[in-house]
Protein chains: 2
Amino acid sequence: MDLFISKYFNKIDKKGRVSLPSSFRNVLPKANRNEIILYKSIKSRSIEGCGVGRLKEIAKRINNLDFFSEDYDDFSTSIFSEIVTTSIDKEGRFLIPEELKLYAGIKTEAAFFGQGHFFQIWETKQGLKNTEDSRRRLLKEKKSLRIMLTQQK
Amino acid sequence: MDLFISKYFNKIDKKGRVSLPSSFRNVLPKANRNEIILYKSIKSRSIEGCGVGRLKEIAKRINNLDFFSEDYDDFSTSIFSEIVTTSIDKEGRFLIPEELKLYAGIKTEAAFFGQGHFFQIWETKQGLKNTEDSRRRLLKEKKSLRIMLTQQK
DNA sequence: TGGGATTATATGGGCGTCAATGGGTATGTG
DNA sequence: CACATACCCATTGACGCCCATATAATCCCA
């Protein structure tokens, strides 16, 4: 399976280490299996993460913008300076930078939510609440989606 | 990772030395790992820097401007004549020329912002403010950021 | 197919290494 | 000689690497 799926709740130890769920590790390309990128979610108080491969893709796109435009700087600043890369140790653990933990309100436990091509890290309670809210919105307001999700192939 | 990523805040000591963040050092080609170039940013009160190898890339970008335009001369002059090369000592530190520090308003701390193929050095407060402003502009006015960040290859 | 044995995963902790920082001295150039 | 800067060494704290354990999952063989 090459998608980030399901949810996991892992402890953050004294040194600040958390295990990246094993199934998430397996999604990373064998080449860069010991590195991921993290950044603040735009839409919620959570951290988003994925393999480094996507970063190179983004770099390429930004590089194609007009170098002397304001847009270039805005993209470049908002993305490159906000993204952090962290390495994963032999046991599959990594460090969440302090700033990102603050942003997401994470202290002693990290809740990992698979999102397909990327994943989110939440403070456990907020993450669970977000899941409920999402689901409620889906069921109440988006009948068409419900159809997509329940329809047989 | 061969890109300048993330942000770092390093102290400038009495002698005027600053550490180039370790992850930035690693972006420099192993050959010229002890030399970088610095120049005033055209668009902001910051210093831009990169490995010497990127000079060619900068030349190409300027060359793509209309040769007979005023812009051409302005960019060409502003950048090429202002470029300085500085060497990095064994501990990974370098000196920011006085003129550049003045231009950016840097005194005792330098804020390094990764920008992909180059990086910027800001006075800490201004740098943080710039990050916020950039992000705000993108979120309010440009849906494209969201697309870049969330869209799959 | 049951149940012990092996492997994997999450978690904890020790310790050496490296990064950031400080300072002292030599070298050099005006 | 004075100032700047290159070179050398020292300190501190963070992080990487290694080893250890407990629980859960998987395997394997009779």
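Throughout, protein chains are lettered first and strands after them, A, B, ... in sequence-line order, and every chain is numbered starting at 1.
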Colleague: Between P on D/dA4 and NZ on B/Lys14, what's the gap in Å once rounded to a whole number?
Modeller: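 About 15 Å, once rounded to whole Å.
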Colleague: With a 6.0 Å cut-off on ring centres, are B/Phe9 and B/Phe112 close enough?
Modeller: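 No, too far apart.
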Colleague: Between B/Ser87 and D/dA6, is there a contact of a side-chain N or O with OP1 or OP2 at under 4.0 Å?
Modeller: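 The answer is yes; a side-chain N or O of B/Ser87 sits under 4.0 Å from OP1 or OP2.
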Colleague: Looking only at side-chain N and O atoms, does B/Tyr8 offer a donor or acceptor that is under 3.5 Å from a partner on B/Ser22?
Modeller: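 No - no donor-acceptor pair under 3.5 Å links their side chains.
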Colleague: To the nearest 0.5 Å, what is the distance between CG (A/Asp73) and NZ (B/Lys43)?
Modeller: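 Interatomic distance, A/Asp73 CG to B/Lys43 NZ, rounded to 0.5 Å: 3.5 Å.
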Colleague: Just verifying a value: how many Å separate A/Phe113 CZ and A/Ser134 OG, rounded to the nearest 0.5 Å?
Modeller: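 Here the rounded value is 9.5 Å.
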Colleague: Test B/Ile5 against every option in A/Leu55, A/Ile79, A/Val52 by the side-chain contact (heavy atoms from CB on, under 4.5 Å) rule and name the one that passes.
Modeller: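 So the option named by the test is A/Leu55.
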Colleague: What is the distance from CG of A/Asp13 to C1' of D/dG16, rounded to the nearest Å?
Modeller: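 Atom CG in A/Asp13 sits about 13 Å away from atom C1' in D/dG16.
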Colleague: Testing the 3.5 Å rule here: is there a donor-acceptor pair between the side chains of A/Glu35 and A/Ser87?
Modeller: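 No donor-acceptor contact under 3.5 Å links the two side chains.
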Colleague: Quick check for you: name the first and last nucleotides of DNA chain C, 5' to 3', having an atom under 4.0 Å from a heavy atom of chain B.
Modeller: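 Range of nucleotides touched by chain B: C/dA19 to C/dT25.
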Colleague: How large an angle, rounded to 10°, do the end axes of the helix from C/dT1-D/dA30 to C/dG30-D/dC1 enclose when each is built from five base pairs?
Modeller: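 That helix has its two terminal axes inclined by roughly 50°.
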Colleague: Rounded to whole Å, please give me the gap between CD in A/Glu98 and C1' in D/dA14.
Modeller: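 So the two atoms are 12 Å apart, to the nearest Å.
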Colleague: Figure out the CD1/P separation between A/Ile12 and D/dC15, and round it to whole Å.
Modeller: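 After rounding, the reported distance stands at 14 Å.
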Colleague: When you check the side-chain N and O atoms of B/Gln115 and A/Thr77, is any donor under 3.5 Å from an acceptor?
Modeller: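 Judged by distance alone, the side chains do pair up.
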Colleague: Is A/Asp133 salt-bridged to A/Lys129, going by a charged N under 4.0 Å from an acidic O?
Modeller: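 The answer is yes: the pair qualifies as a salt bridge.
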Colleague: Using whole Å, report how far CD of B/Glu91 lies from P of D/dA6.
Modeller: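 Distance check: B/Glu91 CD to D/dA6 P gives 13 Å.
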Colleague: In whole Å, I'd like the distance from the CG atom of B/Asp89 to the P atom of D/dT5.
Modeller: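 My rounded result for the distance is 13 Å.
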Colleague: Applying a 4.0 Å non-hydrogen cut-off, can you work out what B/Ser19 is touching in the nucleic acid: base, sugar-phosphate, or nothing?
Modeller: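 Base contact.
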Colleague: Taking atom P of D/dC17 as reference, at what distance in whole Å does atom CG of A/Leu95 sit?
Modeller: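 Answer to the nearest Å: 12 Å.
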